[in-house]
Every structure is written in structure tokens, then in C-alpha cells.
There are 2 protein chains.
Amino acid sequence: MKGKRISLADIANELGVSKTTVSFVLNGHAETKKISKKTQERVEALVAKYNYRPNAVARNLRLGSTKVIGLIVPDISNPYYAKIARMLEDQASDKGYHVIFGSSSESIERERSILAKFRQQSVDGILLASADVNSPHIEELAGSGLPVVLFDRIASSSEVKLSSIGVDNKSAMRQVTKRLLANGSKRIAMVCNHIGQLATDSRVEGYQEAMNDANIQMESNWLQEVNESAGKSMDTIMAELLNAKQPVDAVVFSNSLLAQDGLKSIHQNHAEQIANLQLGCFDKLDLFDYVTPKVVYAEQPNEAIVRSAFETLLAQLPGQAKQQKEPAACTKVLHEVKVAV
Amino acid sequence: MKGKRISLADIANELGVSKTTVSFVLNGHAETKKISKKTQERVEALVAKYNYRPNAVARNLRLGSTKVIGLIVPDISNPYYAKIARMLEDQASDKGYHVIFGSSSESIERERSILAKFRQQSVDGILLASADVNSPHIEELAGSGLPVVLFDRIASSSEVKLSSIGVDNKSAMRQVTKRLLANGSKRIAMVCNHIGQLATDSRVEGYQEAMNDANIQMESNWLQEVNESAGKSMDTIMAELLNAKQPVDAVVFSNSLLAQDGLKSIHQNHAEQIANLQLGCFDKLDLFDYVTPKVVYAEQPNEAIVRSAFETLLAQLPGQAKQQKEPAACTKVLHEVKVAV
DNA sequence: GTGAAAGCGCTAACAC
DNA sequence: GTGTTAGCGCTTTCAC
């Protein structure tokens with residue numbers, strides 16, 4: 001059954017025409033190249049008979065474009081990125097692109113390596129949620145000629161000369177915190193991880209701003225960072241916050257994975273306090289629909305983010321015969337979040 | 001800056017050697033081809049200077065292998081498949097492979113189209129959780145020469161001549177049901193959908209076997225199939241089971257999506273019965289950690305499944321210079337589930 | 001209307 | 001030790 005895969009040349013030979021002719025027919029140049037109706041039909045018949053499909057690798061080599069775009073995220077199994085992946089797949093396949101993915105595991109080294117591999121594979125472009133947007137390799141990317149759009153993890157305003165699509169993290173967390181305050185909480189703690197990463201830091205700032213605006217004096221242990229290796233597990237943190245003489249009456253989490261962890265910890269060890277506790281979170285989880293207490297969250301317009309990220313990427317690709325004077329200027333977009341519960 | 005990407009020929013020219021020499025050095029044939037130390041060093045120096053990386057597309061064309069494997073699942077944003085994707089990525093990258101993915105949305109048409117696209121791109125092999133393992137296009141795959149391994153959604157025992165990796169659905173559901181019985185339930189109903197699909201039917205059998213083994217006479221409406229178009233919504237079914245004079249005291253769901261639906265229905269309409277109700281489910285949901293009543297579930301050994309699926313796929317690939325008499329016989333593996341709560 | 005031929009960048013058998 | 005060369009399968013200019 002195997003047999004050599006049939007090639008365009010085989011078709012041409014069997015028909016007694018040239019590869020050129022077959023190629024023209026296959027690529028819809030039949031009209032412009034004035035291939036006779038009869039020849040067209042003969043070609044199409046044989047193509048159908050053998051169920052011939054052109055070898056994309058050869059085509060790619062010739063054309064210098066693979067119709068593949070790379071998606072690099074910290075972890076594809078994170079439901080947030082998995083959703084992104086799906087949206088991207090849908091958008092991309094509409095335009096005839098495929099998606100190859102890589103998970104950096106928050107490691108710059110792995111990220112660089114994936115990036116390098118993807119370039120070698122000549123992906124047409126890359127959507128990147130970087131493990132560290134401040135790392136120098138991001139700078140280098142800008143001058144590399146490879147179309148790259150940063151999303152989700154984006155760099156502070158100007159500097160980096162790469163297109164970036166994201167949300168206003170600070171504003172989002174400020175809004176969530178304000179909502180919690182409006183609902184009556186006064187002693188609000190924040191649990192995060194990856195302090196030092198821009199997104200996290202911005203969210204922390206948003207929380208702090210909201211607290212300051214409300215004239216609440218934060219206690220020193222209200223800002224917590226999960227760090228297993230330093231013995232700061234979610235359980236430890238929750239115990240510290242909730243077993244105090246004066247426990248906190250609300251907790252905001254800097255991302256949804258933490259919220260999930262936190263919920264588990266609360267249910268396991270602090271169930272009796274659920275009634276008096278508010279929770280807040282950046283980003284949403286399906287889970288929130290089923291669980292007590294209700295969680296106030298900032299919902300990212302992911303569809304819009306992916307859409308503009310992908311469109312921005314397409315715009316950088318060569319061959320988008322537009323007013324391509326410059327190589328598609330570097331776009332920056334911040335989408336607005338929506339607070340919900 | 002952009003500039004033309006540098007090629008092997010450029011390196012060779014600048015060095016005044018032939019492409020062969022450079023190629024040999026780059027591919028580690030330096031020793032066997034007895035390239036002089038000095039030439040090696042000169043090549044390596046220039047490669048480093050230009051940060052030259054071979055064009056994988058050209059290489060692929062020449063070698064007929066892309067080092068890319070395709071993952072086709074119903075929906076990459078489904079956390080179950082997202083997890084699988086990540087495990088596969090990790091395994092694959094260890095062996096120098098990349099993963100490209102496609103979501104079929106449970107549509108055979110989309111699945112076929114993705115399959116066709118992936119072949120055109122000359123992926124080296126495919127891991128497929130098919131929208132319908134009984135569809136004829138699966139049969140065709142077997143004779144197509146493209147290495148494919150079925151997983152998760154696998155066909156009934158023999159027939160299909162494709163390697164398949166999955167779990168023993170019947171045994172899994174038998175175990176879950178037995179656990180419910182051991183915990184004291186006597187009147188256990190099962191809610192499923194997709195009766196007629198192999199996986200579902202096996203799970204139903206497992207439930208029935210467990211009930212028979214316990215000498216429990218099942219009542220006629222204990223086996224329920226959700227079917228919106230026939231007016232059998234989850235809410236209707238739950239009402240029928242739980243509002244009876246003699247309500248059931250446990251419900252098992254044939255998959256986790258149903259369990260999620262069922263939980264919602266129970267919480268909305270039958271909250272007072274939660275204390276006297278046991279739940280069972282094939283497969284786990286994060287949700288189960290947070291919700292009452294506790295759910296007994298069969299946990300799939302996903303790591304092991306992915307591992308054997310990938311290994312099986314590798315074994316089908318040409319060039320695994322082993323005792324390749326036959327094109328790697330078609331393997332079938334059923335992994336054992338673990339029951340947990 | 002159709003074909004010949006020149007590559008895209010790489011590998012590897014076969015010279016020398 | 002190193003170079004020549006023939007492709008892998010496709011697109012496309014230019015000729016007829």
C-alpha cells in the first residue's frame with residue numbers, strides 16, 4: 001500500500017504534459033495562462049484519481065513560506081493558554097495557516113530554544129507570551145526579521161520594538177479590588193507568584209492603588225508570594241492569613257491558577273470561614289460558576305486579544321500587498337477587561 | 001537587519017570549501033568522513049560568527065522527514081486534551097520532534113480536513129483522538145502509509161488495523177460502581193450520552209456488570225441517555241430519578257461533561273438530597289475537588305497513555321533501525337484506571 | 001496553449 | 001580529506 005507518494009511530475013508524465021501545465025492548473029492559473037479546458041479537465045481527473053496532494057515541504061522551500069505559525073506560551077496545558085491556542089487555531093485555519101506550539105515552562109532557556117527551533121522550521125511568524133519580556137533575547141527578536149507579536153506577557157510601554165497585545169493589568173486588578181471594597185471587605189490580602197514579572201507587578205500595583213485610594217493601611221503580610229521552594233505553599237499562606245487573630249476578610253489572587261489552588265486550600269482547611277470571605281481574581285475559571293464563595297474576577301477579552309494579535313502578525317508577514325512602505329509598524333494594543341462575578 | 005538568510009553555500013563559499021564539507025561538519029560526520037581538525041574549526045567558527053542555522057525546510061525536503069508530529073483532538077482547549085498536548089510536547093521535544101495540533105470540534109469533516117493538511121505538510125506521524133473511530137476514513141488511514149496512533153477514542157478490539165492506546169472503559173466503570181455499592185448505595189442509576197459509541201457502551205456494560213455482581217435488580221429507568229432533541233435533558237432525567245417515590249441513592253455519569261451538567265442540575269433543583277446522594281464518574285474534573293457530594297471517579301493514567309502512544313508512534317516511523325521486518329505491527333494497549341474520590 | 005529549465009537549500013553517493 | 005553532482009518536489013520566467 002505504501003508505494004512512493006505520487007508527485008506532480010508523475011501526473012505530468014502520465015498525461016504527457018509538462019509539470020508547468022499541471023502546476024498552473026493546480027494553482028488556479030489556468031485562466032490567466034490560458035490552459036485549454038480539455039487539458040484542465042484531464043489534469044483534474046488524474047489528480048482526483050490518485051487523490052494527489054502537492055508536497056507542502058517542496059512548495060514551502062520554493063516559496064519560502066510555510067503557512068505555519070508558532071505559538072509559544074509558558075504552558076499549553078494551562079487552560080488559559082489552551083483556550084488561546086484554540087482561538088488562534090480557528091483564526092489561523094481560516095487564513096490557511098497551521099499552528100505549532102511550544103511551552104517554555106517559564107524558562108528563558110527553553111523559550112530561546114523553542115524560538116530557535118521554530119525559526120529553523122521557517123515558521124512564518126510567532127505569537128509569543130514570553131517567560132520574561134525584559135530578557136535581552138526579546139530585544140534581539142525585534143531585529144531578527146522574523147515577525148513576532150507579543151501577547152499576554154507584554155513589555156512596559158515603549159522600548160521593545162515588537163508589536164504587543166495585552167490588557168491593562170494594573171487597571172484590572174484595581175477594579176477587582178475596588179469591587180471587593182465596595183462589597184464591604186476591608187482587610188484584603190493579595191496572593192501572587194512570579195513577583196518581578198511585569199504582569200504580576202502591575203497587578204500588585206493595581207491592588208495597592210485601590211487599597212490606598214480607600215485609605216486602608218495594608219498590613220505587612222497581606223501581600224504574599226507563593227514560593228514552594230522557600231516553604232511558602234498556598235496552604236501555609238492561607239493559614240497565615242486566615243488563622244490570624246484578625247483574619248483577612250478577602251483574598252485576591254494574581255492569576256487563576258493561584259485562585260484554584262487557593263480555593264482548594266480554603267475548602268480543605270478553612271471551610272468555616274467561607275461565609276465571611278470574599279475572593280477576587282485576575283482572569284476567570286469555569287470553576288467559578290460552581291463554587292463558594294463567589295469570585296470577583298477581571299475577564300479578559302481573549303477573543304479580541306487573539307484576533308488583534310493574529311491580525312497584527314499577518315500584517316507583518318511579507319506579501320500582504322498593502323501600503324507596505326515600512327515593514328508594518330510596531331503596534332501596541334491594550335484591551336480593556338470587564339469585571340464580573 | 002533582515003538581509004537574506006545565510007545559507008550553507010554562503011558558508012562554504014566564504015571558506016573556500018565545498019558544501020559537502022560544511023554539511024559533514026554540521027551533521028557530525030566529521031570523524032567518519034575524516035575532515036581535518038583545522039577545517040572543522042574554520043567551519044564552526046564561521047557558523048558561530050553568522051549564527052548560521054540550517055534551513056529545516058530544505059533539509060526536510062531532502063530527507064523526507066519533518067520531525068513534526070500532528071496531534072488531532074476534538075478540542076485543544078478542553079483541559080483534558082490540553083494536558084495531553086503538554087505531555088506529548090515534552091516527550092516529543094526530548095526526541096527532537098515538534099507538535100502541530102488541530103481541533104476537530106467532533107466533526108468528521110474537520111477531522112478529515114486536518115488530517116489531509118497535516119499529510120500535505122508531511123508530518124512524520126499523527127496522534128489521533130478521533131471524533132468517530134467507526135467512521136470509514138479511519139479504515140483508510142490504516143492503508144495510507146502514514147503512521148497514525150489512535151488514543152483516547154479507540155475502536156473496538158480487532159478490526160481497525162491501527163495502533164490504539166486507551167483505557168479499559170468497562171473495567172473502569174465497574175470499579176466505580178462497585179465502590180459506590182461498597183459505600184452503601186443500592187439504587188444506582190447511570191446517565192450517559194452517545195449510546196452506540198464504543199466507549200459509552202463499554203462503560204454502561206461495566207456499570208451493569210457491577211450491579212449484577214451485587215445481585216441488584218435494576219429498574220427500567222435507571223439507565224438514562226441525555227438527548228436534548230428527544231426532550232431528555234439533564235434536568236428532566238434528574239427529576240425523574242430523584243423525585244420518584246423511591247429515588248435513586250447514587251448516580252454515575254459516563255463522562256465528566258455529563259457529571260458537570262448533572263452537578264449543576266442537582267445543586268439547582270435537588271439540593272436537599274445532596275446529603276443522601278453518591279455520585280460516580282468516568283474521568284476526573286478539577287471541579288470535583290470543590291463540590292459536594294464528593295464524586296467517585298476513575299482516573300486515567302494519562303502520562304502512561306501519552307508515553308505509550310508516542311513510543312508506539314515512534315516505532316512506526318521508518319528509520320528506527322531495529323528488527324524492522326514488518327512495518328511495526330499494530331499495537332493495542334489498554335491501560336488500567338485508578339479509582340479515587 | 002504549452003514546455004524547458006533554473007533554482008529554493010540541503011544531503012550523500014561517488015569520484016579523485 | 002575534499003569536491004562534484006544529482007536530486008528531493010515544487011513554482012515560474014521565458015521561449016516557442
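By convention in this document, chain letters (A, B, ...) are assigned in the order of the sequence lines, proteins followed by strands, and residues within each chain are numbered from 1.
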Nearest nucleotide by nearest heavy atom, which residue falls closer to the 5' end of DNA chain D, A/A56 or A/K33?
->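 Closest to the 5' end, via its nearest nucleotide, is A/A56.
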For atom [atom1] of [X] and atom [atom2] of [N], their distance in whole Å:
| X | N | atom1 | atom2 | answer |
| --- | --- | --- | --- | --- |
| A/N13 | C/dG3 | CG | P | 11 Å |
| A/K38 | C/dG1 | NZ | C1' | 13 Å |
| B/N55 | D/dC8 | CG | C1' | 13 Å |
| B/N27 | C/dC10 | CG | P | 10 Å |

Taking the minimum atom-to-atom distance to the side chain of [X], which one of [options] wins?
| X | options | value |
| --- | --- | --- |
| B/R62 | D/dT11, D/dA6, D/dT13 | D/dA6 |
| B/V17 | C/dG1, D/dG3, C/dC10 | D/dG3 |
| B/S23 | C/dT11, C/dG3, D/dG1 | C/dT11 |
| A/T21 | D/dC8, C/dG3, C/dG1 | C/dG3 |
| A/A58 | D/dG9, D/dG1, C/dT2 | D/dG9 |
| A/T20 | D/dG3, C/dT2, C/dA4 | C/dA4 |
| A/L63 | D/dT11, D/dT2, C/dC10 | D/dT11 |
| B/Y52 | C/dA13, C/dC10, D/dT11 | C/dC10 |

Between B/E41 and B/K37, is the closest basic N to carboxylate O distance under 4.0 Å?
->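 Salt bridge: no.
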Just checking, is any N or O donor in the side chain of A/S130 or A/D132 under 3.5 Å from an acceptor N or O on the other one?
->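 On atom types as modelled, these side chains do not qualify, holding no pair under 3.5 Å.
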Side chains of B/Q91 and B/Y97: is there a donor and an acceptor less than 3.5 Å apart?
->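 Looking only at side-chain atoms, B/Y97 and B/Q91 do not form any donor-acceptor pair under 3.5 Å.
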Spacing of CD1 belonging to B/I84 relative to CD1 belonging to B/I305, to within rounding of 0.5 Å =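 It comes to 6.5 Å.
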If you round to the nearest 0.5 Å, how far is CD1 of A/I72 from NZ of A/K117?
->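 Nearest 0.5 Å value for the NZ-CD1 distance: 11.0 Å.
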Respond yes when some side-chain nitrogen or oxygen of B/S7 is under 4.0 Å from OP1 or OP2 of C/dG9, and no when none is.
->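 No, outside the criterion.
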For C/dG1, does OP1 or OP2 lie under 4.0 Å from any side-chain N or O of A/T39?
->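 Indeed not, no polar side-chain atom of A/T39 lies that close.
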